[in-house]
Amino acid sequence: MSLLEFDIHTHTIASGHGSTATITDMAKAAAAHNLKMLGITDHGPATLGGGRVSYFRSLAHAQKKRVGIEMLYGAEVNILDNKGKLDLDDTILEKLDYAIASIHKPVKKPGTIEENTAAYIAAMQNPNVRIIGHCDDVKYPVDYLAIVKAAMKYDVLLEINNSSLSPDGYRGDTRFNDLMILNLCRHFHYPVVLASDSHGTRHVGDFSYALELAKLAGMPESLIMNYSTKAFKCFLER
């Protein structure tokens, strides 16, 4: 297998959660794991301890290269309701490289399959949202066929979140849900992106559980974005 080149879902001290890592600390960790590119996606302001609006606004002026690592600056925004409302305005998001839209229990209560699915699909319709984060959470059941078809329609990637799949993950046993995503994407020949969701430096570039599941699903390298920084950057530009 060739080398995975980037990690696009990571969190610094700006996300709270006890992390003390700066952006440069994260870049150093990426370099230690031989990554070429790193995406910083701190939590939006609706998350307790998440980044303030001023922080995300300042990212437009942040260094594009640190310790030899190409840097992307985004946000993991919270989906606030079933209409896909996000916790950062488009005026902020359009200045970032991309946004990951996710649902977090402290912010939005779980709904029915129809409600949860509608929330994700509504968020995908925002052109600044390029990735849907950890839609494998067992507390938020969804219609995966509808989710994958919507991702294809709105040109959005679904992530396979390594943190969800880890033994100490807090989203329940997500393997079946992630296998559903992988098998449907393989069926439709639509790519996914693997993500560490590392809070701090410890798990930057760690895709071990996600990669194992992708292999189990028979996902070809050509449908895993992380094998090519060029392919991912082309995706963001379209």
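Worth saying up front: this structure is predicted, and the values here are computed from it rather than measured.
Between Arg175 and Asp136 there is no salt bridge, since no side-chain nitrogen of the basic residue lies less than 4.0 Å from a carboxylate oxygen of the acidic one. Using a 4.0 Å cut-off between charged side-chain N and carboxylate O, Arg171 and Asp197 make a salt bridge.
Of the options Leu157, Leu38, Val193, a side chain to side chain contact (heavy atoms under 4.5 Å, CB included) to Ile8 is made by Val193 and by none of the others.
Contact record, Thr12 with Ile23: CG2-CG1, 3.9 Å, taken as the closest heavy-atom pair. For the pair Ala146 and Ile121, the tightest heavy-atom approach, listed with the atom from each and the gap, is O-CD1, 3.9 Å. The heavy-atom pair separating Ala214 from Ile224 by the smallest distance is CB-CD1, 4.0 Å.
Under the salt bridge (Lys or Arg N to Asp or Glu O under 4.0 Å) criterion, the residue pairs touching residues 64-82 are Lys64-Asp97, Glu70-Lys233, with sequence neighbours excluded. The list of ring-ring contact (aromatic ring centres under 6.0 Å, His included) pairs with a residue in residues 142-165, not counting sequence neighbours, is empty.
Under the ring pair (Phe, Tyr, Trp, His ring centres under 6.0 Å) criterion, His104 pairs with His43, His134, not counting sequence neighbours. Applying the ring pair (Phe, Tyr, Trp, His ring centres under 6.0 Å) test to Tyr140 and every residue at least two apart in sequence or in another chain returns nothing. For Lys95, the side-chain contact (heavy atoms from CB on, under 4.5 Å) criterion is met by Ala60, not counting sequence neighbours.
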Next item on the list: Please assess Val204 against Met26 for the test side-chain contact (heavy atoms from CB on, under 4.5 Å), listing each intermediate value before the final yes or no.
Entry: CA-CA 7 Å; Val204 171; Met26 301 294 279; 3.7 Å; yes
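Note on Leu158: it does not cluster hydrophobically with Val138, by side-chain heavy-atom contacts below 4.5 Å among ILVMFWY residues. Connection of Ile147 to Phe176 is established within a shared hydrophobic cluster, with ILVMFWY side chains joined at heavy-atom distances below 4.5 Å, either directly or through further cluster members. No chain of hydrophobic side-chain contacts below 4.5 Å, direct or via other Ile, Leu, Val, Met, Phe, Trp or Tyr residues, connects Phe56 to Val107. Note: the hydrophobic cluster containing Leu80 does not contain Ile132 (ILVMFWY, side chain heavy atoms under 4.5 Å, direct or indirect links). Under a hydrophobic clustering in which Ile, Leu, Val, Met, Phe, Trp and Tyr are joined whenever their side-chain heavy atoms come within less than 4.5 Å, directly or via other members, Val148 and Leu223 fall into the same cluster.
Leu48 belongs to no hydrophobic cluster with other residues, because no ILVMFWY side-chain heavy atom falls under 4.5 Å from its own, directly or through intermediates.
With hydrogens and angles left out, the side-chain atoms of Ser196 and Asp7 include a donor and acceptor closer than 3.5 Å. Residues Ser208 and Asp206 bring a donor and an acceptor atom of their side chains to less than 3.5 Å of each other. Side chains of His11 and His9: a donor on one and an acceptor on the other come within 3.5 Å.
Rounding to the nearest 0.5 angstrom, the gap separating the CG atom in Asn116 from the CG atom in Asn82 is 7.0 Å. Note: Thr41 OG1 to Tyr73 OH = 12.5 Å, rounded to the nearest 0.5 Å. Here the OG1-CD1 distance, from Thr24 to Ile69, works out to 11.5 Å after rounding to the nearest 0.5 Å.
Remark: Lys139 NZ is packed, more than 12 non-hydrogen atoms of other residues, nucleotides or ligands lying under 6.0 Å away.
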